Amino acid sequence: MSFKNISIEKKYGIATIKINRPKVLNALNEETIKELTKAVEELEQDKKTKVAILTGEGDKAFIAGADISAMSKMTTQEAKKFAELGHNMLFKIENSRLPFIAAINGYALGGGCETLMACDIVIAGKSAKIGQPEINLGIHPGFGGTQRLPRLVGRMKAKELLLTGRNIDAEEAQRIGLVNMVVDDDKLIETAEKIAGKIASKSSFQTDFIKSLVNKGMDVDLPSACELEISKFSSSFSTHDQKEGMKAFLEKRKPDFKGK
Ligand code: COA
């Protein structure tokens, strides 16, 4: 499928998805959300793709939020449908077998912050600005911001950010646990690709297991979460990759994982 509002480039098992509406700082309208959702579904089926990087076109923004111009005309019913589309897209990313690395090149506001929170690893350029400024527009986040933010940074910090609409810089975002690492702007994609390459060389069985164990485990009580771990751990022992990984260690060579 060809896309109008996003672009996808694939190399070495890494798919780099760019939101491509730089004139409006990569704001998410309905069409872009549908395209990104479709792209995640398609990449999921592509056996050669092992990791995804999500970033924004240009040097100003990752995503400056949901499209305010489109939202300004929405009825209550349309707003519901729009929020549902956004949630659906973010669940697709969160539940994808592919680890998603968000590379934050500039503004990640509103839907941009909500999108990075659905990803698995977040790398920010030094000049990134992150926040949930919806309150300044007389609304609150509609793509999971009131829910994922407190789960990530704790409820006090989340409420402060949601109630004031204050944007924070990359360093503060890292301090509160919203960003894994901060790098020079011109090293952002290079760093994301380096990490993606490292993950792509692992067993894709295990990257999928680890991602889903952490995500699902966080939503249930600890004993149930540990049962999930026992189940995946034991089923790992019927994979090629477990046998290869341990054999390679004992033979003092690099493992050749096949994702089976
Ligand atoms: N939706 C629609 N258009 C947006 C947008 C959004 N979320 N964010 C930026 N744009 C558009 C602007 O309207 C402007 O369009 P124009 O050139 O036709 O006037 C263009 O992108 C450039 O933005 P501009 O505001 O001129 O850039 P800036 O550098 O002065 O400011 C921001 C950058 C990000 C601080 C500012 O654009 C902003 O506050 N955006 C909205 C952020 C937000 O509230 N997001 C949550 C939405 S729920």
Side-chain angles (χ1 to χ4, degrees), residues 3-7 17-37 54-91 93-94 102-119 122-153 157-173 176 178-179 182 185-186 188:
F3 298 108
K4 197 175 116 203
N5 302 289
I6 63 171
S7 67
I17 310 171
K18 272 188 184 172
I19 310 295
N20 191 11
R21 302 184 77 212
K23 282 197 179 127
V24 287
L25 306 188
N26 301 322
L28 297 174
N29 60 359
E30 189 173 321
E31 201 181 17
T32 309
I33 293 171
K34 284 182 175 163
E35 287 190 4
L36 188 50
T37 307
L54 185 58
T55 192
E57 185 59 54
D59 55 8
K60 267 196 93 172
F62 171 69
I63 296 169
D67 192 311
I68 300 170
S69 161
M71 281 194 297
S72 68
K73 304 176 198 93
M74 282 179 192
T75 63
T76 306
Q77 273 313 308
E78 286 164 345
K80 182 168 186 280
K81 191 175 149 236
F82 187 60
E84 285 167 352
L85 281 174
H87 275 280
N88 177 47
M89 171 186 82
L90 297 184
F91 277 128
I93 291 174
E94 205 165 58
I104 310 302
N105 55 318
Y107 292 108
L109 305 178
C113 181
E114 289 166 308
T115 300
L116 75 81
M117 291 192 286
C119 292
V122 182
I123 307 168
K126 265 191 184 137
S127 67
K129 292 271 184 294
I130 301 174
Q132 300 280 177
E134 288 87 343
I135 195 157
N136 302 325
L137 300 166
I139 57 169
H140 60 259
F143 296 174
T146 62
Q147 303 310 313
R148 285 194 181 87
L149 192 60
R151 282 166 171 75
L152 276 168
V153 305
K157 194 73 199 171
K159 281 189 277 190
E160 177 213 321
L161 295 175
L162 292 162
L163 291 170
T164 62
R166 177 172 75 87
N167 298 332
I168 58 176
D169 61 21
E171 234 169 69
E172 184 174 355
I176 66 172
L178 205 48
V179 155
V182 181
D185 290 342
D186 61 354
L188 181 63

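Keep in mind that what you see is a predicted model, and the values were worked out from it rather than measured. First listed ligand is number 1; within each ligand, the first listed atom is number 1.
Side chains of H140 and L162 form no contact here, defined as non-hydrogen atoms less than 4.5 Å apart.
There is no protein heavy atom less than 4.0 angstrom from atom 38 (C) of ligand 1. Distance check for atom 45 (N) of ligand 1: a protein heavy atom is found below 4.0 Å.
Residue K129 places no heavy atom under 4.0 Å from ligand 1. Heavy-atom distances between M71 and ligand 1 reach below 4.0 Å in at least one pair.
Within the listing of ligand 1, atoms 27 (O), 28 (P), 29 (O) sit less than 4.0 angstrom from a heavy atom of K60. Here is the list of ligand 1 atoms found below 4.0 Å of a heavy atom in L137: 44 (O), 47 (C), 48 (S). Close approach of ligand 1 to K23 is summarised as follows: ligand atoms under 4.0 Å from at least one heavy atom of the residue are 20 (C), 21 (O). When each atom of ligand 1 is checked for a heavy atom of E134 under 4.0 Å away, the hits are 48 (S).
When ring centroids are compared, F143 and F91 stay outside the 6.0 Å threshold.
In terms of protein heavy-atom proximity, atom 24 (P) of ligand 1 is nearest to L25 CD1, 4.6 Å.
When the options N105, D185, D59, D169 are evaluated for a side-chain hydrogen bond (donor to acceptor under 3.5 Å, both in side chains) with S127, the one that passes is D185.
Residues satisfying the side-chain hydrogen bond (donor to acceptor under 3.5 Å, both in side chains) test with E84, not counting sequence neighbours, are K80.
With hydrogens and angles left out, the side-chain atoms of S7 and N20 include no donor and acceptor closer than 3.5 Å.
Residue N136 does not touch ligand 1, judged by heavy-atom distances below 4.0 Å. Of the heavy atoms in P133, only side-chain atoms (C-beta onward) come closer than 4.0 Å to ligand 1.
Both the sub-6.0 Å distance and the 45° axial angle are not jointly satisfied by R21 relative to the ring of F3.
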